[in-house]
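Reviewing the structure listed below.
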Amino acid sequence: MAPSMNDFIQYGQYVNQIAGIFFWFFGVFGSLAILIIFLSKKELRRSPSSQYILVAAMCDFIFLGIALGYRIMTDGFSVQGNIALFFFNPAVCKIRNYITGVTNFATLYTKCLCTIDQWASTSRSNRVRQFNSIKWARIFLIINTLVWSLMQIPQLIYNDIITNSSGTMSCVGTSKALVYAFSYFLLPVLYFFLPLILLTTFGYLTYIHLKQISERSSKQSRFQRIERQLTSLIIAQTLVCIVTSLPYGVQYLYTGITLTQIKDPYRLAVEAFIQHVVRLNLYASSAAPFYVYICLSTEIRRMAIQILFCKLFKSNQVGFSQTLDRTIDQGALTINHQMKTISEGK
């Protein structure tokens with residue numbers, strides 16, 4: 001028996017509740033962990049690629065915290081009452097879409113810039129390698145942030161709360177021009193095809209350069225080892241971005257093609273369920289970097305254990321030892337007092 005329309009609606013809620021909370025918790029924790037590790041270690045901050053990694057982690061933290069948190073509450077738990085009034089407030093709708101739009105595009109192109117930076121750092125050309133510097137990284141990051149901050153301004157103007165015939169509220173674009181721009185240009189071209197081409201091309205070129213470097217040099221300093229491991233991690237992160245963005249790009253391309261078609265309620269329910277799954281798969285790209293780093297890099301894994309776990313354990317251990325010392329001292333004083341009393345009695 002085929003699932004009914006209500007079944008698909010319920011499946012969408014379950015997906016947002018279970019997978020959404022999973023990606024939100026581990027994604028927010030992972031982004032914070034990256035910020036703590038890279039800000040704590042001087043040898044990591046010396047690398048230009050660390051500038052891109054820090055900005056991407058900050059954008060991922062904001063994007064997951066706001067965008068995915070909103071999806072969990074509205075699509076997963078169908079919030080009601082005063083909480084719903086907050087989430088479906090027109091001002092909140094505009095600001096949320098603007099912030100998530102900026103951080104979503106900014107983090108994607110920051111990862112593209114990071115991949116290009118690694119290509120430059122492994123290039124044989126001195127002129128190309130000049131762009132592999134902290135100065136140029138900061139310039140590119142500022143330009144990247146400004147571009148997407150300006151590109152997303154229409155979100156502050158043409159977004160509003162719409163109530164459909166069934167009484168369900170949603171935050172959507174009210175301008176047809178904005179909807180068509182997102183459906184036919186921003187999402188398929190700027191969010192899908194262009195990043196895919198950049199990540200694939202420069203990721204492959206960096207991999208070729210790495211093979212040539214490893215054949216030429218056998219001994220490397222610790223900083224060079226960290227640099228090479230960061231390059232390998234960025235290539236792995238590139239693959240994650242490609243895999244997670246492909247379904248999202250295809251789904252939005254399909255949405256744009258069928259935008260003017262008349263669809264029955266059952267088809268809309270099936271498409272909504274697929275959209276929930278594809279969207280959550282996209283959030284995996286923002287949740288994954290920290291876990292890619294600790295799985296593939298011995299240096300990052302050692303630093304993560306040292307900073308996130310050993311210091312916490314050490315502080316707990318120090319607190320326990322101080323309590324134990326106080327207990328022993330109090331016990332010794334009590335015994336001395338009792339011995340003194342006994343000797344006086346004699």
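Along the sequence shown, residues are numbered consecutively beginning with 1.
Side-chain contact between Arg96 and Cys171 is present, with at least one heavy-atom pair separated by less than 4.5 Å. Phe29 has its side chain within reach of Tyr291: a pair of non-hydrogen atoms, C-beta onward, lies under 4.5 Å apart. The closest side-chain heavy-atom distance from Val278 to Leu282 is not below 4.5 Å. Residues Ile21 and Ile72 have side chains in contact (heavy-atom distance under 4.5 Å, counting atoms from C-beta outward). Taking the side chain as every heavy atom from C-beta outward, Gln13 and Ile18 never approach each other to under 4.5 Å. With a 4.5 Å cut-off on side-chain heavy atoms, Leu280 and Val15 count as touching. No side-chain heavy atom of Asp264 sits less than 4.5 Å from a side-chain heavy atom of Leu268. The side-chain heavy atoms of Leu68 and Val28, taken from C-beta on, include no pair separated by under 4.5 Å.
Of the candidates Tyr204, Tyr207, Phe131, Phe202, Trp119 forms a ring-ring contact (aromatic ring centres under 6.0 Å, His included) with just one, namely Phe202. The ring-ring contact (aromatic ring centres under 6.0 Å, His included) with Tyr283 is formed by just one residue from the set Phe63, Tyr70, Trp24, Phe23; it is Phe63. When each of Asn144, Thr110, Leu113 is tested with Val55 by the rule side chain to side chain contact (heavy atoms under 4.5 Å, CB included), just one qualifies, namely Thr110.
Under the 4.5 Å side-chain heavy-atom criterion for ILVMFWY residues, a single connected hydrophobic cluster contains both Phe182 and Val189. Side-chain heavy atoms closer than 4.5 Å link hydrophobic residues (I, L, V, M, F, W, Y) into clusters, and following such links, even through other members, never connects Trp136 to Ile142. Ile62 and Leu146 are members of different hydrophobic clusters when ILVMFWY side chains are connected at heavy-atom separations under 4.5 Å. Leu141 and Leu190 end up in the same hydrophobic cluster when Ile, Leu, Val, Met, Phe, Trp and Tyr side chains are linked at under 4.5 Å. Linking ILVMFWY side-chain heavy atoms closer than 4.5 Å, directly or via other members, places Ile116 and Ile242 in two distinct hydrophobic clusters.
For an aromatic pair to be called close, the ring centres must be under 6.0 Å apart, and Phe290 with Phe26 fails this.
At least one donor-acceptor pair under 3.5 Å links the side chain of Ser149 to the backbone N or O of Thr145. Side chain of Asn104 to backbone of Thr100: no donor-acceptor contact under 3.5 angstrom is found. Listed for the Ser123 side chain is no donor-acceptor partner under 3.5 Å among the backbone atoms of Ala120. Not a single donor-acceptor pair under 3.5 Å links the side chain of Ser297 to the backbone N or O of Ile294. No donor-acceptor pair under 3.5 Å is formed between the side chain of Thr200 and the backbone N or O of Ile197.
Between atom CG of residue Leu108 and atom CG of residue Leu194 there is a gap of 9.0 Å, rounded to the nearest 0.5 Å. From Asp7, atom CG reaches atom OG of Ser4 across 3.0 Å, with rounding to the nearest 0.5 Å. Interatomic distance, CD of Gln261 versus CZ of Arg267, reported as 5.0 Å (0.5 Å rounding).
Taking a 6.0 Å sphere around OH of Tyr14, one finds it holds 12 or fewer heavy atoms contributed by other residues, nucleotides or ligands. Counting non-hydrogen atoms of neighbouring residues, nucleotides and ligands closer than 6.0 angstrom, the NZ atom of Lys135 reaches no more than 12 such neighbours. Summarising the local packing, OH of Tyr158 is surrounded by 12 or fewer heavy atoms from other residues, nucleotides or ligands at distances under 6.0 Å.
Ring pair Tyr109/Trp148 is tilted by interplanar angle, where 30° to 60° counts as tilted. Ring geometry, Phe105 versus Tyr191: the interplanar angle exceeds 60°, so the pair is classed perpendicular (tilted spans 30 to 60°).
Ion pair Asp75/Arg279 flagged as a salt bridge, since at least one NZ, NE, NH1 or NH2 atom sits closer than 4.0 Å to an Asp/Glu carboxylate oxygen. Of the charged side-chain nitrogens involved, at least one lies within less than 4.0 Å of a carboxylate oxygen, so that Lys111 and Asp60 count as a salt-bridged pair.
Using a 3.5 Å distance cut-off with no hydrogens or angles, the side chains of Asn159 and Thr174 do not pair a donor with an acceptor. Between the side chains of Ser47 and Ser49, at least one donor N or O sits under 3.5 Å from an acceptor N or O. In the model, Thr122 has no side-chain atom that pairs as donor or acceptor with a side-chain atom of Thr206 under 3.5 Å.
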